[in-house]
Amino acid sequence: MGARYNERFARVESLLLIENKIIDKDELKASCSYGVPDRLRPLLWRLLLEYLPTERASWTPFLAAQRETYNGLVRQLIVDVAAQSTTAGDPLSDCCSHWGGFFADNTTLAQIDKDVRRLCPEIQFFQQTTKWPHSEAVSVNLSGRVTQAELRTENYGVDKLVGNTKKRASAEYANAKEQGSETHWQCEIFLSSLDHTTKKINVPGVKVAERILFIYAKLNPGVKYVQGMNEVLGPIYYVLASDPDEEWAEHAEADTFFCFQQLMSEIKDNFIKTLDDSQCGIEHSMSFFHALLSAWDPVLHAHVVGRLQIKPQFYAFRWLSLMLSQEFPLPDVIGLWDALFADTKRFTLLPYVCLSMLQRVREQLLRGDFADCLRLLQNYPETDAQILVMDAYAIREELIFDLCAGRAVRPSTRDDDAISNGSGAKKNFAVYFSRNVHRQTPIDHELDKEIVGDFS
C-alpha cells in the first residue's frame, strides 16, 4: 500500500477515536472521498448518511430510542394488524372498514414480494438466515398475505429501472428454513414430486428486507413503494448486517431502516412520477447529465445524442435513479457509494461518475451504431470503480475550471462538427451549473493511483 493510502486510513481512524467527543463531519467526509476501510464502513455509513449524531456521548441513548421506535413500528404496522386479521369479522361487511386498508397493503406487499424474489443480488448472503430474527415479527408472514393472483407489476412508470438487469442470482439456493427463522432477503426451497422432477418454489417466508420496505411504504404514503427501492436498500442492509461487531450487527434491521429513510429523503423525487418534469425530478437529472456530456465532450454528445438519438431514458434513467447499483457487482457499488455519501454535495458527484463511465468506453461508442451503443450502455463492462471515482473528481474540477475560465468545452475535443452541434453547451451548462453544482474539492488534488487499494 502507498503512503497516501496509509495516511488516509490513519486519518479516518483518528477521527473516530473514543477521545473525540465530537466527530468533525466535514473532515470525515473529506477523508472518505475515495473509499473507506471495510471494517469501519458500517459505522461510517451511519455517520455519512446523517443517522448517527456527531456527539459520541449521545450514541447510546439515541440508538436505544431509535431501535425502540422501529420495534414500535413493527408492532403497530405488522404484528397488531396480523392479530386483528385473525380475529376480525367478515371482510365483506361494511362494519369491518379496516379490511380496505389491509387489502390495499396487500397490493404494496405484492410488488415488494415480486421485486425481492425476482431481483436477487448476486451473492449468497441475501438468501442466508439472519442470526437475529425480529423477536415479535418473526411469526408474521407478510408474504403469506400475497396470493399468486396479486403478483402482478403495478405500473408506477419506472419499470425500466430494473429492465435487462445483470444482477440475478448466479446459483440456485436450497434454503428450507426452520420455524422462527428469517432470511435477509428471500427464501427458496426445492420440492421433488412423484415423477422425480424437481421444482424450485419461492417460500412465502419471513424476509427482513421485505419488512423494512413495507414499513417505509406505510410511513410515506406520498411515495409508497416503487420498483427499484429494493436495489437502494440492498447495499445498506448488506453493509450493516455484515458488521464484524456483532453488538452493532444485531440491530442492523432497525439501523438500516433509518439509514434507508435518510437516503430516500434525498433521492425520493426520482421515484415520484408526478415530479418527473419538475426541477427536482428524474427528467431534470437526466437533462443535467446530458448537459454535462455536451459541455465536456461535444464530439461524443453529437454522436450519441445527435446522430444516434439515444435518449438518457434508455440508460441513464437507471444509472441515476438507482445510483449505479445495477451496473456493477455489489463490492464495487459499495465502493462507489462510499464516495457518493462522503461528497459534501454528494449527489452532485453521481452524474460526473456517469460521465467518467462514458469516457471509459468513448472509442467504442464513437465507432458503434445505435444497437451497439445501446447494448454497451445497458450492459456496462467491468471497470475499476475506484478509478471511476477518481476520474469523476478530475472531470468535475476541470469542467468547472473551464466554465469559470469562459471555455465551453476542452480544446482537445473541439472540431467543426462538435462546435456546430454543441454551440449551446456553454450557455445550457451554465444555467444547470448555477442551479445544481457547488464546487467541492476533495482532499489530495494530486491524488494518483497510489491511493487505489483494497481497504480490508
Side-chain angles (χ1 to χ4, degrees), residues 115 118-119 153-168 226-232 267 269-328 332-333 336 347 349-383 385 388 391-392 395 418 421-422 424-425 428-429 432 436:
D115 288 348
R118 183 178 58 184
L119 294 172
T153 300
E154 186 74 16
N155 182 14
Y156 293 104
V158 293
D159 292 347
K160 50 196 167 186
L161 277 174
V162 292
N164 300 318
T165 177
K166 296 185 291 183
K167 285 200 161 182
R168 295 184 182 275
V226 178
Q227 186 181 27
M229 288 182 181
N230 58 312
E231 300 293 345
V232 177
I267 67 171
D269 293 346
N270 291 336
F271 295 89
I272 302 177
K273 186 172 178 59
T274 56
L275 295 179
D276 279 359
D277 298 321
S278 70
Q279 290 294 313
C280 55
I282 186 61
E283 294 288 342
H284 179 74
S285 298
M286 291 189 292
S287 296
F288 175 57
F289 171 56
H290 267 198
L292 282 179
L293 175 60
S294 177
W296 175 254
D297 193 341
V299 175
L300 184 59
H301 182 273
H303 176 69
V304 173
V305 181
R307 295 189 186 93
L308 301 183
Q309 294 292 302
I310 294 179
K311 300 181 183 300
Q313 290 87 342
F314 298 164
Y315 70 100
F317 187 96
R318 191 176 70 194
W319 289 12
L320 296 169
S321 294
L322 302 183
M323 301 188 301
L324 299 171
S325 61
Q326 277 286 294
E327 313 314 314
F328 302 102
D332 288 337
V333 172
L336 285 170
F347 298 115
L349 182 63
L350 178 58
Y352 292 93
V353 175
C354 296
L355 193 56
S356 72
M357 291 168 63
L358 294 184
Q359 291 299 295
R360 286 277 158 181
V361 295
R362 185 176 190 271
E363 295 307 314
Q364 296 101 298
L365 290 172
L366 289 175
R367 292 194 303 266
D369 57 17
F370 179 89
D372 293 333
C373 291
L374 192 60
R375 187 180 306 110
L376 179 62
L377 294 173
Q378 291 184 343
N379 298 275
Y380 196 82
E382 287 191 20
T383 305
L388 290 177
D391 288 349
I395 290 172
N421 283 279
N428 292 338
F429 176 68
Y432 281 112
N436 295 278

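Small disclaimer: the values here were computed from a predicted structure and weren't measured. Values below: all heavy atoms of this structure, side chains included; hydrogens, waters and symmetry mates excluded.
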Trace of the side-chain contact (heavy atoms from CB on, under 4.5 Å) decision for Gln309 with Phe370: CA-CA 8 Å; Gln309 294 292 302; Phe370 179 89; 5.5 Å; no

Straight-line distance of Asp391 CG to Met357 CE, nearest 0.5 Å: 12.0 Å

Worked verdict on Trp319 versus Val353 for side-chain contact (heavy atoms from CB on, under 4.5 Å): CA-CA 10 Å; Trp319 289 12; Val353 175; over 6 Å; no

Inter-residue atom distance Arg375.CZ - Asp369.CG, 0.5 Å rounding: 8.0 Å

Gap between atom OH of Tyr315 and atom CD1 of Ile310 - 0.5 Å precision: 7.5 Å

Side-chain (Arg360) to main-chain (Pro381) donor-acceptor, under 3.5 angstrom: no

Polar side-chain atom of Gln227 near backbone of Asp115 as donor-acceptor pair, under 3.5 Å: no

Shortest non-hydrogen separation from Leu320 to Leu350 and the atoms involved: O-CD2, 3.6 Å

With His301, the side-chain contact (heavy atoms from CB on, under 4.5 Å) member among Leu358, Leu293, Leu292: Leu293

Glu382 CD to Glu327 CD distance, which is reported to the nearest 0.5 Å: 13.0 Å

Closest approach of Cys354 to Leu324 (non-hydrogen atoms, all atoms of both residues): SG-CD2, 4.2 Å

For Pro351 against Phe288, the heavy-atom pair lying closest together: CG-CE2, 3.8 Å

Flag, side chain of Ser294 to backbone of His290, donor-acceptor distance under 3.5 Å: no

Shortest non-hydrogen separation from Leu349 to Ala392 and the atoms involved: CD1-CB, 4.1 Å

Verdict with reasoning, Glu283 to Gln313, per side-chain contact (heavy atoms from CB on, under 4.5 Å): CA-CA 8 Å; Glu283 294 288 342; Gln313 290 87 342; 3.0 Å; yes

Atom pair CG (Asn379) and CG (Leu374), whose distance is rounded to the nearest 0.5 Å: 9.0 Å

Heavy-atom pair of closest approach, residues His303 and Leu365: NE2-O, 2.9 Å

Donor-acceptor pair, side chain of Ser356 and main chain of Leu388, under 3.5 angstrom: yes

For Leu308 against Gly368, the heavy-atom pair lying closest together: CD1-O, 3.9 Å

side-chain contact (heavy atoms from CB on, under 4.5 Å) assessment of Val232 paired with Leu322: CA-CA 6 Å; Val232 177; Leu322 302 183; 4.2 Å; yes

Gap between atom CD1 of Ile395 and atom CD of Gln359 - 0.5 Å precision: 5.5 Å

